[in-house]
Structures are given as C-alpha cells and as structure tokens.
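Values below: every heavy atom of this structure, side chains too, minus hydrogens, waters and symmetry copies.
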Amino acid sequence: MQTWYDPLYTGESIQKEEKKIRRRINRGKPQVGYYVLTLASNGTDLLDLVPVHWLRQKECSSRLPAIVGLAGTKKEAVDLVIRMTEDCMRERGDADLRSFLEEREAHKR
C-alpha cells in the first residue's frame, strides 16, 4: 500500500474519481494514463512524476516515497507542480517544496 499525503494535490480531471483511483492504485489494479507526484527519491530534485502503471513493478512500488499529488495526464501533473510551487512561494516565500508539503501535512493532523 502506498503512503498518501493529506491534503493531496489532485488534477481537475480526476477530482470526482480520486478515491476510486487511489483505492485501485493501493490494490495494485492496472491504471493507465494517470501520474503520481512524489517527493524526490534522490534527495536532490524536488519532485518525481511517476506514471501509475510503473507502480505495478514491485521494486518501484516498494521504493516510492509518499505520494503528494495525483493527476489524470502528464500535462496535468506538470500543472500540479506549478500550483504546488506557487502555493509554496505564497506561503513560505521560497521554493522548498519538501518542507512546505511536510508542514502542510503536519498542520492537517
């Protein structure tokens, strides 16, 4: 099962189906065309955009950091990165997305 940030950034095209898509991803069901955004796995980049069908590979799925966004297309995933960055700049005055997202999740709890 994947770790999901709360609140999760979601693309407009999947807002109504978000819970269903998340459930299918967690169960390992095939999902084509969707993308997840995660904290960067290498520690240097800000985020990774990962096609959901990659999550069916055990190695990818087991090493995947927490999912911070879910999008219906690659373009929508890029738009989510822009939205996250704008939110971060507005609230923190910098582009430290990792800290911004961690703080955001901590406040939600």
Side-chain angles (χ1 to χ4, degrees):
M1 183 181 287
Q2 303 303 321
T3 304
W4 300 83
Y5 263 58
D6 183 25
L8 182 72
Y9 277 89
T10 55
E12 289 182 28
S13 71
I14 60 163
Q15 297 250 327
K16 293 180 182 177
E17 298 179 276
E18 176 204 339
K19 287 183 171 60
K20 177 182 168 186
I21 295 166
R22 284 174 62 166
R23 189 171 45 249
R24 289 181 62 88
I25 290 170
N26 284 335
R27 291 180 182 162
K29 303 281 183 180
Q31 297 288 297
V32 178
Y34 299 111
Y35 285 81
V36 292
L37 289 82
T38 68
L39 297 174
S41 56
N42 66 8
T44 358
D45 296 331
L46 296 175
L47 299 170
D48 290 332
L49 273 64
V50 180
V52 169
H53 66 269
W54 284 11
L55 301 182
R56 297 202 60 207
Q57 300 173 22
K58 190 172 186 173
E59 187 173 315
C60 178
S61 183
S62 65
R63 294 182 182 189
L64 192 71
I67 297 171
V68 298
L70 180 61
T73 65
K74 188 171 187 177
K75 182 192 178 317
E76 195 170 65
V78 171
D79 290 343
L80 282 180
V81 172
I82 293 168
R83 193 168 94 204
M84 287 179 199
T85 306
E86 288 172 345
D87 289 351
C88 182
M89 289 296 294
R90 188 173 32 261
E91 289 186 29
R92 293 178 45 97
D94 62 23
D96 185 356
L97 287 178
R98 182 178 294 270
S99 295
F100 168 70
L101 292 166
E102 289 170 351
E103 290 169 5
R104 196 168 171 251
E105 184 181 41
H107 284 99
K108 181 71 176 182
R109 291 182 188 170

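- The pair R22-E18 meets the salt-bridge criterion, since a charged nitrogen lies less than 4.0 angstrom from a carboxylate oxygen.
- Contact record, E105 with W4: OE2-O, 4.1 Å, taken as the closest heavy-atom pair.
- Here the straight-line distance linking atom NZ of K20 with atom CD1 of I25 works out to 12.5 Å at 0.5 Å rounding.
- Residues D79 and R83 are not paired through a salt bridge, judged by the lack of any N-O separation under 4.0 Å between the basic side chain and the carboxylate.
- Summarising the geometry, atom CG belonging to D6 is positioned 9.0 Å from atom CZ belonging to R104; distances are rounded to the nearest 0.5 Å.
- More than 12 heavy atoms of other residues, nucleotides or ligands shown are found within 6.0 angstrom of CD on E17.
- How far CG of N26 is from CD1 of I21: 12.0 Å, rounded to the nearest 0.5 Å.
- Under a 3.5 Å cut-off, the side chain of E76 and the backbone N or O of G72 do form a donor-acceptor pair.
- Residues L80 and G11 approach most closely at CD1-N, 3.8 Å, considering heavy atoms.
- Here the closest heavy-atom approach between residue V81 and residue L37 is recorded as CG2-CD2, 3.3 Å.
- Contact record, L8 with G69: CD1-N, 3.5 Å, taken as the closest heavy-atom pair.
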Notebook entry, point to check: Stepwise, does the side chain to side chain contact (heavy atoms under 4.5 Å, CB included) test hold for D87 with Y9?
Noted result: CA-CA 11 Å; D87 289 351; Y9 277 89; 2.6 Å; yes
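- Between the CG atom in D96 and the SG atom in C88 there is a gap of 6.5 Å [rounded to 0.5 Å].
- Taking NZ from K19 and CD from Q15, the interatomic distance works out to 10.5 Å, rounded to the nearest 0.5 Å.
- Residues V32 and I14 fall into different hydrophobic clusters, defined by Ile, Leu, Val, Met, Phe, Trp and Tyr side chains chained together at heavy-atom separations under 4.5 Å.
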What pairs of donor and acceptor atoms, side-chain ones from residues 41-52 against any protein atom, are under 3.5 angstrom apart with sequence neighbours left out?
from : atom 1 : to  : atom 2 : distance (Å)
S41  : OG     : D48 : OD2    : 3.1
N42  : OD1    : T44 : N      : 2.9
N42  : OD1    : D45 : N      : 3.0
N42  : ND2    : D45 : OD2    : 2.9
D48  : OD2    : S41 : N      : 3.0

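- Between the OH atom of Y5 and the CD1 atom of I67 there is a distance of 11.5 Å, given to the nearest 0.5 Å.
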